[in-house]
Amino acid sequence: DPYQSSTSPYTTPEAQEAASTEHMPAEMGQFIDLITKRQHSLLLGHLFVEAGVVPEPCVDAALKLQEMVRQGKLTNDAAVEALKRAAENGGNLDESIVAASKKVCDPRDMARRAIGLLQDAGILTDQDIKTAAAVRSKHGGDVGTILVAAGKVEKLALEAASKCQPLIISNRVSHDQAMQLLNYCQRSKVDMDAALKELNIVT
């Protein structure tokens, strides 16, 4: 079994020492992708625990999320978000975490929140949004794309607004910092990563 090989990077002393300084995966998406593979999922989980990459409650949470994804009750993106939140909560997974993760990863809700952030930042006005909504009702499409096509907001700023949402929710950036970022992306026509770097905002 390749997962039990003595050369596995998850079981070597070097890997254990490297992982001891971190209590959750650097990339939770990668972890959930591994753990949601039904074959060897339990074994993979134990390897992560033994290597010190994740605490055992996180594996239990991941297995519960795996079943929810399999049953179609949760999207993979929402499962990743829920696992991140559970990890921050000591591995405890409850209904409020699952519900919040579903909401954050709902595309329609995310689009509304992104538009709301751009409005808070003063980039969009009520009238801009009403006009775009009227165009959507008549011709279809989505409000964000219509606003970009009308020159009301830069595409990079719209994308940054979507990326800002989970950072605000997880308290990695403040609302004021998000406003700075969005205005910088709009004004300088740069993406979120460039704005974070140039404004020296650490997430």
Side-chain angles (χ1 to χ4, degrees), residues 9-11 15-38 40-114 116-117 120 159-182 191-193 195-197 199-203:
Y10 298 111
T11 55
Q16 291 180 6
E17 182 179 355
S20 65
T21 59
E22 188 66 55
H23 298 293
M24 67 181 71
E27 179 50 69
M28 295 297 277
Q30 181 184 30
F31 175 56
I32 194 74
D33 284 343
L34 285 172
I35 208 68
T36 52
K37 292 177 181 177
R38 295 190 63 78
H40 302 301
S41 62
L42 199 54
L43 178 57
L44 281 169
H46 287 310
L47 287 173
F48 275 110
V49 171
E50 290 171 9
V53 178
V54 289
E56 189 166 1
C58 282
V59 176
D60 294 336
L63 291 172
K64 291 176 184 176
L65 291 167
Q66 162 192 312
E67 186 62 17
M68 294 179 74
V69 171
R70 189 186 69 80
Q71 294 174 355
K73 296 179 179 178
L74 207 61
T75 65
N76 194 62
D77 286 344
V80 172
E81 179 64 26
L83 185 57
K84 288 178 182 177
R85 291 174 180 233
E88 292 167 358
N89 195 35
N92 297 317
L93 181 71
D94 57 34
E95 290 182 8
S96 65
I97 286 177
V98 174
S101 299
K102 282 183 179 179
K103 187 172 183 180
V104 168
C105 294
D106 181 336
R108 291 169 299 180
D109 189 64
M110 288 179 71
R112 286 192 295 268
R113 287 170 179 263
L117 283 177
D120 289 349
E159 292 171 351
S162 296
K163 293 178 181 179
C164 270
Q165 294 175 69
L167 297 180
I168 294 172
I169 292 168
S170 61
N171 296 315
R172 293 169 63 188
V173 299
S174 68
H175 188 269
D176 287 346
Q177 287 175 319
M179 299 301 97
Q180 278 185 283
L181 286 165
L182 296 182
D191 64 16
M192 177 81 158
D193 290 339
L196 285 167
K197 184 176 180 180
L199 292 174
N200 198 29
I201 294 176
V202 179
T203 61

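For the single chain, residues carry numbers from 1 onward in sequence order.
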Just wondering, more than 12 heavy atoms not from Glu95 lying within 6.0 Å of its CD?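 No, CD of Glu95 has 12 or fewer neighbouring heavy atoms, counting only those of other groups under 6.0 Å.
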Distance in Å, [X] [atom1] paired with [Y] [atom2], rounded so as to fall on 0.5 Å steps:
X      : Y      : atom1 : atom2 : value
Gln180 : Cys164 : CD    : SG    : 11.0 Å
Lys197 : Asp193 : NZ    : CG    : 10.0 Å
Ile201 : Gln177 : CD1   : CD    : 4.5 Å
Leu117 : Met179 : CG    : CE    : 5.0 Å
Leu93  : Leu65  : CG    : CG    : 5.0 Å
Gln66  : Gln71  : CD    : CD    : 10.5 Å

Under the criterion side chain to side chain contact (heavy atoms under 4.5 Å, CB included), I'd like the reasoning laid out for His175 against Asp120: C-alpha separation, chi angles, the key distance, then a yes or no. CA-CA 9 Å; His175 188 269; Asp120 289 349; 3.3 Å; yes
What's the shortest heavy-atom distance between Ser101 and Ala78, and which atoms?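 That would be CB-O, 3.5 Å.
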Check Val69 against Thr75 and note the closest heavy-atom contact, atom names and distance.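 Scanning both residues, the minimum pair turns out to be CG2-O, 4.0 Å.
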Sub-4.5 Å side-chain heavy-atom contact between Val173 and Ile168: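 The answer is yes, as the side chains (C-beta and beyond) meet within the 4.5 Å cut-off.
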Within the structure provided, determine whether Lys163 and Leu196 are in side-chain contact (heavy-atom separation under 4.5 Å).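 The answer is no, as the side chains (C-beta and beyond) never meet within the 4.5 Å cut-off.
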Regarding Lys84 and Glu88, does a basic nitrogen lie under 4.0 Å from an acidic carboxylate oxygen?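 No.
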So Asp94 and Ser96, side-chain hydrogen bond (donor to acceptor under 3.5 Å, both in side chains) or not? Walk me through it. CA-CA 6 Å; Asp94 57 34; Ser96 65; 2.6 Å; yes
Using modelled atom types and a 3.5 Å cut-off, is there a donor and acceptor pairing between side-chain atoms of Gln165 and backbone atoms of Met110?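 Yes: the side chain of Gln165 pairs with the backbone of Met110.
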